[in-house]
2 protein chains.
Amino acid sequence: MAKPELSIGEVLRILRAEFSGVTISKLRFLEAEGLVSPARTASGYRKFSADDVERLRYVLTAQRDQYLPLKVIKEHLGAIDRGLRPAVAGPPVAPSAPSAGPRADDFGATGIELRLTRAELLAAAGVSAELLGELESHGLVVADGKHYGGDAIVVAQAAAELAAYGIEPRHLRPFRTAADREVGLIEQVTGPRRTEQTEQLAALTVRLHTALVRSRLPR
Amino acid sequence: MAKPELSIGEVLRILRAEFSGVTISKLRFLEAEGLVSPARTASGYRKFSADDVERLRYVLTAQRDQYLPLKVIKEHLGAIDRGLRPAVAGPPVAPSAPSAGPRADDFGATGIELRLTRAELLAAAGVSAELLGELESHGLVVADGKHYGGDAIVVAQAAAELAAYGIEPRHLRPFRTAADREVGLIEQVTGPRRTEQTEQLAALTVRLHTALVRSRLPR
DNA sequence: CCGGGCCTCAACCGCTGATCGAGGGTTGGG
DNA sequence: CCCAACCCTCGATCAGCGGTTGAGGCCCGG
């Protein structure tokens with residue numbers, strides 16, 4: 001028998017060994033919330049695969065050790081399912097303790113690494129191939145081989161909206177330059193590999209940039 | 001050296017710049033839960049010190065970015081008070097790699113224009129007068145007469161954190177230049193008065209900038 | 001054919017994390 | 001002295017999350 005599929009009661013006994021607070025009703029609840037989707041027998045009994053159990057273990061661990069809300073755990077699982085990888089916010093800077101503590105903030109709403117074809121990008125951003133071409137020629141959007149990252153969507157959309165104000169891609173070159181310089185500065189500190197620290201630093205510089213722009217807008 | 005002590009309303013305005021969901025009643029609630037203990041005037045008014053504000057910032061950040069329950073945050077603060085560093089669990093091992101998604105506050109949800117004295121700015125940002133002086137000499141923070149805007153807090157804090165990575169104010173000049181150019185572009189479109197449209201455009205360009213930086217970070 | 005296991009669905013629950021309002025004092029400017 | 005704006009406490013209330021409970025009923029092995 002290659003794949004033993006377990007009944008809910010069996011799963012319960014397995015997980016009980018590791019997590020004290022688990023009950024049958026909780027497992028059913030987690031299914032109702034969309035965190036696992038066990039198969040069913042013809043008569044409606046749940047059949048849990050080894051993967052399902054693994055998934056439950058993930059959920060219960062995240063809940064117990066990180067206090068994450070189910071909603072967030074669900075998003076993480078969704079990302080994992082799509083073969084994408086998310087990232088965790090570190091602890092805030094301790095008050096009155098200026099150690100270089102990590103601090104995550106509004107940098108990147110998804111944390112998901114996306115890989116899109118050109119066609120997918122056009123569809124996702126809802127822009128014309130022409131605009132995208134211009135953006136590429138000015139170095140505002142770059143493909144990595146045949147694929148574009150998720151940020152390209154945001155860039156393209158923003159560019160499209162700006163075009164409605166009469167601001168064309170060629171006017172946006174300075175943004176590219178500024179971004180390059182910013183990244184250069186970051187790499188000088190953290191080196192050429194992308195780490196947790198890289199992200200934190202980027203979040204910081206972006207925050208700085210945003211505040212600076214705000215502060216310089218007319219009163 | 002007279003440390004400026006802030007009333008609850010002042011604290012509110014300061015924290016609003018950074019955290020959208022904070023209210024007076026929430027601040028009082030957090031005191032009731034034992035997360036901060038501001039001093040009181042003879043007549044019973046709360047007086048928040050710079051440390052209190054920092055503590056609140058820690059609480060709000062931990063809540064927003066790590067979804068920690070207040071109970072846990074309180075324990076962490078207790079540990080920090082005793083000179084320890086709080087233990088933080090990493091993400092579960094299960095179905096895949098590290099992760100996570102902080103949320104995106106938008107560009108300017110504040111509404112109210114903050115006006116701070118130099119002392120208030122120092123207290124709110126928790127930075128040294130020296131750092132602030134340097135920032136001013138490089139044009140990163142500017143006073144409008146005797147007062148500073150709320151963005152100055154964010155600028156100063158970001159600069160302080162960057163300093164911990166060895167990035168000094170003088171390295172930040174290009175940010176000023178970039179911000180100036182960005183604002184210049186915006187003003188070319190919307191004119192020299194600050195309107196709804198100015199804000200929208202600024203939000204757009206900042207979004208563009210952020211996405212560009214992200215897209216250019218090493219893979 | 002019986003008993004334990006499993007099913008659904010709706011109602012209920014306790015806790016967290018606040019919010020609200022009544023009723024009333026404080027402060028500062030005119 | 002007055003008024004507006006601000007601040008106070010305390011108790012009631014609330015919404016959402018994360019489940020639990022129970023009624024009523026089917027399924028399956030011995």
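Residue numbers begin at 1 in each chain, while the letters A, B, ... track the order of the sequences.
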Rounded distance (nearest 0.5 Å) linking atom [atom1] of [X] with atom [atom2] of [Y]:
X: L12(A); Y: S7(A); atom1: CG; atom2: OG; answer: 9.0 Å
X: R46(B); Y: R40(B); atom1: CZ; atom2: CZ; answer: 4.0 Å
X: L68(A); Y: Y67(B); atom1: CG; atom2: OH; answer: 7.5 Å

Counting just side-chain N and O atoms, does [X] come under 4.0 Å of either OP1 or OP2 of [N]?
X: S7(A); N: dG5(C); result: no
X: S43(B); N: dC8(D); result: no
X: R40(A); N: dT8(C); result: yes
X: R46(B); N: dC8(D); result: yes
X: Q63(A); N: dC17(D); result: no
X: T23(A); N: dT20(D); result: yes

### Query
Any side-chain heavy-atom pair from Q63(B) and F19(B) closer than 4.5 angstrom?
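No; the side chains remain at least 4.5 Å from each other.
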
### Query
If you find the nucleotide of DNA chain C closest to E31(A) and the one closest to I24(B), which residue's nucleotide is nearer the 5' end?
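Closer to the 5' end of DNA chain C: E31(A).
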
### Task
Between T41(B) and L70(B), name the one whose nearest nucleotide on DNA chain C is closer to the 5' end.
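Its nearest nucleotide being more 5', the pick is L70(B).
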
Can you tell me the distance, in whole Å, between the [atom1] atom of [X] and the [atom2] atom of [N]?
X: L27(A); N: dG5(C); atom1: CG; atom2: P; value: 15 Å
X: K26(A); N: dC6(C); atom1: NZ; atom2: P; value: 18 Å
X: K74(A); N: dC17(D); atom1: NZ; atom2: C1'; value: 14 Å
X: K71(B); N: dG14(C); atom1: NZ; atom2: C1'; value: 12 Å
X: L35(B); N: dA18(C); atom1: CG; atom2: C1'; value: 13 Å
X: L6(B); N: dC6(D); atom1: CG; atom2: P; value: 15 Å
X: F29(B); N: dT19(C); atom1: CZ; atom2: P; value: 9 Å
X: Y67(A); N: dG18(D); atom1: OH; atom2: C1'; value: 16 Å

### Task
Answer with yes or no whether the side chains of Y45(A) and E5(A) bring together a donor and an acceptor at under 3.5 Å.
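Looking only at side-chain atoms, Y45(A) and E5(A) do not form any donor-acceptor pair under 3.5 Å.
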
### Query
Does one side chain, of T205(B) or E182(B), offer a donor that lies under 3.5 Å from an acceptor on the other?
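There is such a pair (donor and acceptor under 3.5 Å, judged by atom type) between the side chains of T205(B) and E182(B).
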
### Message
Do the side chains of R57(A) and E54(A) get close enough for a salt bridge, i.e. N-O under 4.0 angstrom?
### Response
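Answer for the salt bridge query: yes.
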
### Query
In terms of side-chain geometry, is the basic nitrogen of R55(A) or D51(A) positioned less than 4.0 Å from the acidic oxygen of its partner?
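Judged by the 4.0 Å cut-off on N to carboxylate O distance, R55(A) and D51(A) do not form a salt bridge.
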
### Task
Tell me which of S25(A) and Y45(A) sits closer to the 5' end of DNA chain D, going by the nucleotide each one is nearest to.
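The 5'-side residue here is S25(A).
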
### Task
Can you figure out which of dT19(C), dT16(C), dT8(C) approaches the side chain of R28(A) most closely?
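Looking only at side-chain atoms, R28(A) lies closest to dT8(C).
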
### Nucleotide nearest I8(A) (side chain, heavy atoms from C-beta), chosen from dC6(C), dC6(D), dA18(C)
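Minimum distance to the I8(A) side chain belongs to dC6(C).
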
### Query
Angle, rounded to 10°, between the helical axes spanning five pairs at each terminus of the helix from dC1(C)-dG30(D) to dG30(C)-dC1(D)?
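It comes to 10° between the two terminal axes.
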
